[in-house]
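What follows is a short report on a single structure.
What you see is a predicted model; the values in this text were computed from it and never measured. Below, chains carry the letters A, B, ... as their sequence lines are ordered, and counting in each starts from 1.
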There are 4 protein chains.
Amino acid sequence: MAGSVNKVILVGNLGKDPESRSFANGGKVVSFTLATSENWNDKASGEKREKTEWHNVQIFNENIARTAEQYLKKGSKVYVEGKLQTRKWQDQSGNDKYTTEVVLERFNGTLVMLGERGERGGSSGGGGGDWNQDSAPRGNFGGGGARGGGTSGDGRPAAFDSDLDDDVPF
Amino acid sequence: MAGSVNKVILVGNLGKDPESRSFANGGKVVSFTLATSENWNDKASGEKREKTEWHNVQIFNENIARTAEQYLKKGSKVYVEGKLQTRKWQDQSGNDKYTTEVVLERFNGTLVMLGERGERGGSSGGGGGDWNQDSAPRGNFGGGGARGGGTSGDGRPAAFDSDLDDDVPF
Amino acid sequence: MAGSVNKVILVGNLGKDPESRSFANGGKVVSFTLATSENWNDKASGEKREKTEWHNVQIFNENIARTAEQYLKKGSKVYVEGKLQTRKWQDQSGNDKYTTEVVLERFNGTLVMLGERGERGGSSGGGGGDWNQDSAPRGNFGGGGARGGGTSGDGRPAAFDSDLDDDVPF
Amino acid sequence: MAGSVNKVILVGNLGKDPESRSFANGGKVVSFTLATSENWNDKASGEKREKTEWHNVQIFNENIARTAEQYLKKGSKVYVEGKLQTRKWQDQSGNDKYTTEVVLERFNGTLVMLGERGERGGSSGGGGGDWNQDSAPRGNFGGGGARGGGTSGDGRPAAFDSDLDDDVPF
DNA sequence: TTTT
DNA sequence: TTTT
């Protein structure tokens, strides 16, 4: 039985521009690292402390991926909703490695841009300023087992293509 | 403006069997009330206290609605994820009334059954015991503005049909 | 038994400056309305459509309330996490009314400022620009029934003071 | 930088009884693995497929830890809310390893038992049946940077004690 | 290693 | 109106 929920909600800033990888089957995944930070005052020293957590986000949803490619860059602040997934891979020496990622599947996940302009140096042109359009700034896709059988998806969980599995992930 | 999130997550028990209403256009909405409770010890009296909050859940998503009709009943424990929506209506005397509901739209929302058997007395037949099937117990649908224009949805927010707007809601 | 969850997560913009109300017992509540919006393309007309939902947020947590008073204003973008609560009250004519609010209790709830500068016209002085300090921008407080009996709270659910109950809420 | 959110919400079943580890300073962490599952029908083969994700949950909150020790066992169904945290450690060969965990910090996190009785065979005594008490089944603690300086917490992020850092985690 |  |  299922009866389970696997949900991650993050608000943070991209550590670098998104990267896109294409699969042999025509699919694509867009990925980026996202920083979330905690601040507190150290009771002993009285100093301010900060700890940053880095999350690896993987977007398989086509429309959200397109949005991410077009509008997100290093420094962008986003709301991301996805699921936790741990992937096993081998490094060059053949050692088993595990990487846990926040995955926005083909029919699930949400991305909302929160309006902080990134700090990308160069290109991107005059664009980048109009991402607050209706067609772009919000992606929210869902899919699950209860779907009757329409054309809107096959419910297959997102998975790395085999060739991607060979890469070092993070 | 975009850049917003509107999400409600509830785990609670149905106060009564779900009700279904059909629209003229063939659509359907399944609704139920859901109880969430808080318990605490009153510091003054030392007595145990409990406060129950009742939520009005409205399901427009077809597959989730079907699941709710088939498997949920009074007492069922569920995880529900939807959005907050306030509806205006008039009572018999013409007074304006507002009702806030947890809405699972046509392409958004999640319902997960959590395995507490209800206590429906009668009918339901031999059924009700097999709701733990893969096709049924989980509904998770999403839709949003970033969708490019595929066949998987029109992105129109769920809305009450006009004839339903005339009814007293809760 | 409890075994329930009552959680609301919103990202949106304040519709007006926060308002503070003091209670006879020394307590305080800070409230504001928060807008969340959906955008979509109407399939029939091909026009862009937008629907805004307004949420009534009530902050009983002292530290979060102080943060809201100091740093939030009309237009500020925030992440808010609280619980759903419906309050009954009577209008001047003695009619029963119900208002559903997003409540950040004394020991529960989160507020995160998301960096959109508000559009408050006047005062606020040179301030308002430094809210991104560590001591201010994040409030996250929790409390619940499992608490053993420390000094950190009484677990009593947040409630409107009686004199507040007489007011029109929203 | 502040203005961030790091939240994980899981509903799943414990893969084994919780384990407790004590620190030199008197602290304690209770941990368990939690399974979440997805089911779908493979479009190609028409077969039912299932994929299970395993999550490593670490509870530093004292009251929630106590609840987990007393009432949770292999098979228990729970709602867990915590934050994502990746820890670096070295295996016996001195290789760097990273483990991502769902952490319920000292002043943050929620655990709600969802009523599925576990199947622990042995000990546990006559207990285990009364976990549905008000003082136990719900833990919800929060803490964050906006806290003014009361006695209710120091805001220090949960961290593994050094001796624990030497252990293989998962 | 869970659950169905 | 649920649940314990």
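For B/E53 and F/dT3, the CD to C1' distance is 15 Å, given to the nearest whole Å. The separation between D/H55 atom NE2 and E/dT2 atom P is 15 Å, rounded to whole Å. Distance CD (D/E50) to P (E/dT2): 12 Å, rounded to an integer number of Å. Between D/N13 atom CG and E/dT1 atom C1' the separation is 11 Å, expressed in whole Å. Here the C1' atom of nucleotide E/dT3 and the CZ atom of D/F32 are 15 Å apart, to the nearest Å. Whole-Å rounding puts the B/K74 NZ to F/dT3 P distance at 7 Å. Rounded to whole angstrom, the span from the CG atom of D/L34 across to the P atom of E/dT1 amounts to 16 Å. Distance CE (B/M113) to P (F/dT2): 21 Å, rounded to an integer number of Å.
Once the 5.5 Å centre distance and the 30° plane angle are applied, the aromatic ring of B/W54 is found stacked with the base of F/dT1.
D/E38 and A/K83 are joined by a salt bridge, as a carboxylate oxygen and a charged side-chain nitrogen come within less than 4.0 angstrom of each other.
B/T52 is linked by a side-chain hydrogen bond (donor to acceptor under 3.5 Å, both in side chains) to B/S37, counting only residues two or more places apart in sequence or in another chain. B/E53 pairs by the salt bridge (Lys or Arg N to Asp or Glu O under 4.0 Å) definition with B/K51, not counting sequence neighbours.
Across B/T33, B/T36, B/T100, a single residue satisfies side chain to side chain donor-acceptor pair (under 3.5 Å) together with B/H55, and that is B/T36.
Here the side chain of B/S37 is nearest to one of F/dT3, E/dT2, F/dT1, namely F/dT3.
Residue B/T36 is out of contact with every strand shown, counting any heavy-atom pair closer than 4.0 Å.
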